[in-house]
Amino acid sequence: MTDRPDDTAVPRDADDLADAVSHLGNTDTDRLEAVAEHNESLEERLPDDADLPRTHPPAAPSPEQG
């Protein structure tokens, strides 16, 4: 998923896709490694649970708080 809009009018063929990733390396292995490194980088930048307050329901008020 990307933040970019998909402005592709028609599905791309294998040659178009190969051209799109050609800057990632000379061989398929190089390209796969580049994608894996990119994915690892994204995982490192993911927020942890403390940074995602909407993933946890709000705490119920204690009886003292009324």
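Heavy atoms only: backbone and side chains are in, while hydrogens, waters and symmetry mates are out.
Listed by first and then second residue, the side chain to side chain donor-acceptor pair (under 3.5 Å) pairs involving residues 14-26 amount to none (not counting sequence neighbours). Applying the salt bridge (Lys or Arg N to Asp or Glu O under 4.0 Å) definition to pairs two or more places apart or across chains, those involving residues 29-46 are Asp28-Arg31.
Under the 4.5 Å side-chain heavy-atom criterion for ILVMFWY residues, no single connected hydrophobic cluster contains both Leu17 and Val21.
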